[in-house]
Amino acid sequence: MWALYITALVVISITHWVYRWRNPKCNGKLPPGSMGLPLLGETLQFFTPNTSSDIPPFIKERMERYGPIFRSNLVGRPIIVSTDPDLNYFVFQQEGNLFQSWYPDTFTEIFGRQNVGSLHGVMYKYLKNMVLHLFGPESLKEMIPEIEQAALSRLQQWSSLDSTELKDSIASMIFDLTAKKLISYESNKSSENLRENFVAFIQGLISFPMDIPGTAYHKCLVGRKSAMRMLKNMLQERRAESRKQPIDFFDYVLEELKKEGTILTEGIALDLMFVLLFASFETTSLAITLAMKFLTDHPLVLKQLTEEHEMILKQRENSDSGLTWKEYKSMKFTFQVISETVRLANIVPGIFRKAVREINFKGYTIPAGWAVMVCPPAVHLNPAKYENPVAFNPWRWEGVEVCNASKHFMAFGGGMRFCVGTEFTKVQMAVFLHCLVTKCRWEPIKGGDIIRTPGLQFPNGFHVKIMEKEKQA
């Protein structure tokens, strides 16, 4: 009798728990959707990769079923997913008031609990100003010759090879340039390979969060730990040196750490360096690789792009002089190619925020404490805004000035957290494309696939043969 009573009590308790899981408490009307399985939610479906050029199936299927705003549960957290341009804009504009930056615990574990994306208020603004010291217009003007020289050197190197795997080769080029500017790191002069740790980190970045030896997520954490150890050792070595003038961003950070009453800590500084190294080379290398693949597949685009850059050379007094900031700013069609590339790339397919208090929007209630995921792919591939949205068409940006985020374009984020490295990315892409189309031609050897996950997408196995133009018959 007692056994039946206990069994019945357990069954009722489990049933009630499952019911509460599927029907969260809310003072108003929650958006439609499913909370998935208890504990797991819809995490497994969310992390499923795909090779489609369209909106990720996880998002698209639920948009068709529930509409542009729906609820779910990912990695144990209730979340509102927004593909609605109005809600997206509202979220960005109300950050610091109704919303604050937030990412799942697994992301925070990977990027550091004191990373810039997890900080708010005064500390976030302080770090943003520090980064602008490196990536602001005045610094970028001085960096153009270095970026051009790095591109020319690598292109010449690749032209001597039978084929080049673009993604990894471009990532290596950008990492070496960025690491030198940030921490004066040169791989050929170091006993340890810093980039190898980032490669291990990236391979498990978007994977199911299971920290067990052998899993991609575990390898990711190990890669982060190794990279952070190297950065900390470099910081300690730099502290022991005596320099009259700062030569890189590390020196600038050290000066900030020495200031009396500074709010910067060593932990925050190291997490900042880690995020900057990752973001500055991985995302840009993805974009450049995709741009080359698009140019390969669209000869008319390549023809107009080449004409624009050859005209820059013809208008110079000295054809052998390097690129200038004025020439960079004149690259109208190049910027159209860049805008179209990053629109289709959707390198950041989810931007997370958290509601700090209950919010009502379009008849729905977002409970306090719930996460909100803004979904850029759904915005960038919206057929109501972009005709034939999955097609690569740079001419759709003709006469359109893309400076900051809007309701229909958020490749670099939005609101107060609009990416401070946006111009740095554009400079690197534009300078590389300039060197590529004026100095080289190329032929695809292996096309590869575009692999998309909820966190990154990348051309897998895209090989080309690079040839210098002057060597053509």
Side-chain angles (χ1 to χ4, degrees), residues 31 33 42 45-70 72 74 79-92 206 283 286-298 301 335-353 362 372-398 400 402 404-415 418-419 422 425 429 448-460:
E42 296 186 306
Q45 299 96 312
F46 178 74
F47 278 100
T48 301
N50 73 92
T51 56
S52 167
S53 297
D54 206 344
I55 300 167
F58 176 87
I59 302 295
K60 190 169 185 177
E61 290 169 7
R62 285 156 181 77
M63 286 174 64
E64 293 172 351
R65 189 183 310 169
Y66 305 120
I69 304 172
F70 58 90
S72 183
L74 303 176
I79 189 166
I80 303 296
V81 179
S82 172
T83 68
D84 182 271
D86 294 327
L87 178 54
N88 296 341
Y89 187 75
F90 179 73
V91 169
F92 288 142
I206 304 302
T283 56
L286 287 169
I288 292 176
T289 306
L290 282 168
M292 282 193 67
K293 183 164 178 58
F294 291 144
L295 292 173
T296 302
D297 296 337
H298 297 82
V301 178
F335 292 134
Q336 292 174 216
V337 170
I338 291 173
S339 295
E340 184 70 347
T341 297
V342 296
R343 180 187 72 85
L344 289 171
N346 288 309
I347 293 170
V348 181
I351 302 172
F352 294 87
R353 297 292 184 265
K362 289 189 175 181
V372 177
M373 186 180 83
V374 171
C375 185
V379 172
H380 296 156
L381 301 174
N382 181 2
K385 174 61 182 177
Y386 299 103
E387 183 180 353
N388 194 4
V390 298
F392 180 70
N393 176 17
W395 291 283
R396 73 171 84 241
W397 296 98
E398 192 169 0
V400 179
V402 182
N404 295 309
S406 69
K407 288 184 180 181
H408 303 289
F409 185 76
M410 51 186 64
F412 299 102
F418 184 76
C419 178
T422 297
T425 296
M429 291 185 70
D449 297 317
I450 305 297
I451 306 298
R452 287 174 170 81
T453 75
L456 291 173
Q457 61 174 332
F458 54 94
N460 183 40

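For residues 59-70, the set of pairs meeting the salt bridge (Lys or Arg N to Asp or Glu O under 4.0 Å) definition, not counting sequence neighbours, comprises Glu42-Arg62, Asp54-Lys60.
Using a cutoff of 4.0 Å between basic side-chain nitrogens and carboxylate oxygens, Arg396 and Glu387 are not scored as salt-bridged.
Classified by interplanar angle (parallel below 30°, tilted 30° to 60°, perpendicular above 60°), the ring pair Tyr66/Phe70 is tilted.
When all heavy atoms of Ile55 and Ala378 are compared, the pair lying nearest together is CD1-CA, 3.9 Å. Residues Thr83 and Asn88 come closest through the heavy atom pair C-ND2, 4.2 Å. Considering all non-hydrogen atoms of both residues, Ala411 and Val342 come closest at CB-CG2, 3.8 Å.
Side-chain atoms of Asp297 and Phe392, non-hydrogen and from C-beta on, never get closer than 4.5 Å to each other. Within the 4.5 Å cutoff, side-chain heavy atoms of Phe46 are placed close to those of Met373. Under the 4.5 Å side-chain criterion, counting only non-hydrogen atoms from C-beta, Phe58 is in contact with Ser72. Contact annotation: the side chain of Phe409 never approaches that of Val400 to less than 4.5 Å [non-hydrogen atoms, C-beta and beyond]. Two residues are said to be in side-chain contact when any heavy atoms from C-beta on lie closer than 4.5 Å; Asp86 and Lys407 meet this criterion.
In this structure, Arg343 forms a cation-pi arrangement with Tyr386, its terminal cationic atom sitting closer than 6.0 Å to the ring centre and no more than 45° off the ring axis.
The structure places CG of Leu290 at 12.0 Å from CD of Glu340, a figure rounded to the nearest 0.5 Å. Remark: Ile59 CD1 to Gln45 CD distance equals 11.5 Å, nearest 0.5 Å.
Residue-environment remark: NZ (Lys385) stays at or below the threshold of 12 foreign heavy atoms within 6.0 Å.
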